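Since the structure comes first, as structure tokens, the remarks are kept for the end.
All figures in this text were calculated on a predicted structure; none of them were measured in a lab.
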Amino acid sequence: MGDNSNGTAPVSSFLADKSAKIFVAGHRGLVGSAIVRKLRNLGFTNLLLRTHSELDLTRQNDVESFFAAEKPRFVILAAAKVGGIHANKTYPAEFIGINLQIQTNVIDSSYRHGVQKLLFLGSSCIYPKFAPQPIPEEALLTSPLEPTNEWYAVAKIAGIKMCQAYRIQYDWDAISGMPTNLYGPNDNFHPENSHVLPGLMRRFHEAKVNGAKEVVVWGTGSPLREFLHVDDLADAVVFLMEKYSGLGHLNVGSGKEVTIKELAELVKEVVGFEGALVWDSSKPDGTPRKLMDSSKLAGLGWTPKVSLKDGLVDTYKWYLENLKQ
């Protein structure tokens, strides 16, 4: 397995053999479920999927036994302990400990049991709090992290570095992709600890159902954010598995920014809430801008396809279908 550190085409094609065993770790989450949908749509027939109760990725012996028995050819590592600011603040030991355990066990077992290629997925929170905008890959480890999620970020940075170390020492094809803010089917719509987009969708929906006159949203609505539909990420994952074998991690974003105000108005329209949208400017806005520079990935030939409007329609449809259950 030669190293293609310039990021050109890998040794053998990911898409060539639809019967190849692929282990998608974390297949029930927002990201993993989208990757499974994409692979099935492409005709892959041999996906290895294990729930947490079937395989606890924090237990080294269990992971080792799984890899020894199943011998997957490809691994996509989308399993992680995730949560918002409140969860990160309350459970720092879990956020660093569980994520380090999962990725260390999976990456090491993958290498030792002959996996041909592994893709490790992280998050945009790996970057410094005051990174340049848009954030290039080179901003990693240039200054301090955002304190609210540093435990999770440090684990994810360790995952990137572990993939790089195994590539350097063993000439093994381990790559990393860092997605921007994701949304779509299987998102977390929990009232307390969901992210901004599903949180808004739930609030507008409940206001519509309850006949509320207004929805109050924190802040001024001026911060800029980037969103990527999870089906676009799944498409990028397949692209990276097929086309990329470089040492550096790659950003995966839409490259499009939207103000929180524009986002809220779009969600309101998609949900069909007729009342007023009120901004509580006494509440904090958060970071004014957070955009990733995904030009390296674009240079390799990948661009997203799902518009924000279409993506929101799709997500709301899923939300309504799963509300009843």
Heavy atoms, side chains only, cut-off 4.5 Å: are [X] and [Y] in contact?
X	Y	value
Arg59	Asn61	no
Pro134	Met292	no
Met241	Lys117	yes
Met162	Phe120	no
Leu240	Leu250	yes
Leu15	Phe44	yes
Pro288	Pro223	no
Asp314	His229	yes

Would you check if the side chain of [X] reaches a backbone N or O of [Y] as a donor-acceptor pair within less than 3.5 Å?
X	Y	answer
Asp62	Asp56	no
Thr142	Ala139	yes
Thr51	Glu54	yes
Gln133	Ile135	no
Gln60	Asn105	no
Gln103	Ala155	yes
Arg112	Ala68	no
Glu226	Gly255	yes

[atom2] on [Y] to [atom1] on [X], rounded to 0.5 Å:
X	Y	atom1	atom2	value
His195	Leu200	NE2	CG	13.0 Å
Leu121	Ser176	CG	OG	8.5 Å
Arg225	Ser124	CZ	OG	9.5 Å
Asn322	Lys317	CG	NZ	10.5 Å
Glu214	Leu277	CD	CG	9.5 Å
Leu312	Ser307	CG	OG	8.5 Å

If you apply the rule salt bridge (Lys or Arg N to Asp or Glu O under 4.0 Å), what do you find for Lys305 with Asp232, and how did you get there?
CA-CA 7 Å; Lys305 298 170 186 66; Asp232 272 333; 5.5 Å; no
Test: side chain to side chain donor-acceptor pair (under 3.5 Å). Region: residues 254-270. Which pairs qualify, not counting sequence neighbours?
Glu257-Arg289, Thr259-Glu262, Lys261-Glu265, Glu269-Lys309
The complete set of side chain to side chain donor-acceptor pair (under 3.5 Å) pairs with one or both residues in residues 21-33, sequence neighbours excluded, reads Lys21-Glu70, Ser33-Asn186
Is there a donor in the side chain of [X] and an acceptor in the side chain of [Y], or the other way round, less than 3.5 Å apart?
X	Y	result
His249	Gln164	no
Asn251	Tyr127	yes
Tyr166	Asp108	yes
His205	Tyr316	yes
Ser19	Asn46	no
Asp235	Trp302	yes
Asp285	Thr220	yes

Ring centers of Phe23, Phe66 separated by less than 6.0 Å
yes
Between [X] and [Y], is there shared hydrophobic-cluster membership here, with clusters defined by ILVMFWY side-chain heavy atoms closer than 4.5 Å?
X	Y	result
Val209	Val215	no
Val306	Val237	no
Phe130	Leu291	no
Phe189	Leu266	yes
Val278	Trp218	no

Taking side chain to side chain contact (heavy atoms under 4.5 Å, CB included) as the definition, give me every residue that meets it alongside Asp280, ordered by chain and number, with sequence neighbours left out.
Val216, Ser282, Lys283
Holding to side chain to side chain contact (heavy atoms under 4.5 Å, CB included), I want the full list of residues that pass it with Trp151, two or more places apart in sequence or in another chain.
Pro92, Phe95, Ile96
Least distance between heavy atoms, [X] atom then [Y] atom:
X	Y	result
Pro72	Leu48	CB-CD1, 3.7 Å
Val31	Leu182	CG2-CD1, 3.5 Å
Ala212	Phe273	O-CE1, 3.4 Å
Leu197	Tyr183	CD1-CG, 3.8 Å
Pro304	Leu228	CB-CD1, 3.9 Å
Ile175	Gly246	CG2-O, 3.9 Å

Residue pairs, two or more places apart or on separate chains, that pass salt bridge (charged side-chain N to carboxylate O under 4.0 Å, His left out) and touch residues 118-128
none
Could you list the donor-acceptor pairs under 3.5 angstrom formed by side chains in residues 74-90, with sequence neighbours left out?
from	atom 1	to	atom 2	distance (Å)
Asn88	ND2	Gly83	O	3.1
Asn88	ND2	Gly84	O	3.0
Thr90	OG1	His86	O	2.6

Measure up the Trp172 and Tyr111 rings against each other and bin them: parallel (under 30°), tilted (30 to 60°), perpendicular (over 60°).
perpendicular
Show the numbers, then the answer: is there a side-chain contact (heavy atoms from CB on, under 4.5 Å) between Lys290 and Leu224?
CA-CA 6 Å; Lys290 198 176 172 204; Leu224 288 158; over 6 Å; no
Kindly determine whether Lys129 and Glu150 satisfy salt bridge (Lys or Arg N to Asp or Glu O under 4.0 Å), including the steps that lead there.
CA-CA 10 Å; Lys129 181 174 175 134; Glu150 67 176 318; over 6 Å; no
Assess whether atom NE2 of His52 is packed by more than 12 heavy atoms of other residues, nucleotides or ligands within 6.0 Å.
no
Verify the neighbour count for atom CH2 of Trp318: are there more than 12 heavy atoms of other residues, nucleotides or ligands below 6.0 Å?
yes
Taking the basic N atoms (NZ, or NE/NH1/NH2) and the acidic carboxylate oxygens, is any pair closer than 4.0 Å for Glu274 and Lys213?
no
Applying the side-chain contact (heavy atoms from CB on, under 4.5 Å) test to Lys38, which of Leu42, Asn41, Val36 qualifies?
Leu42
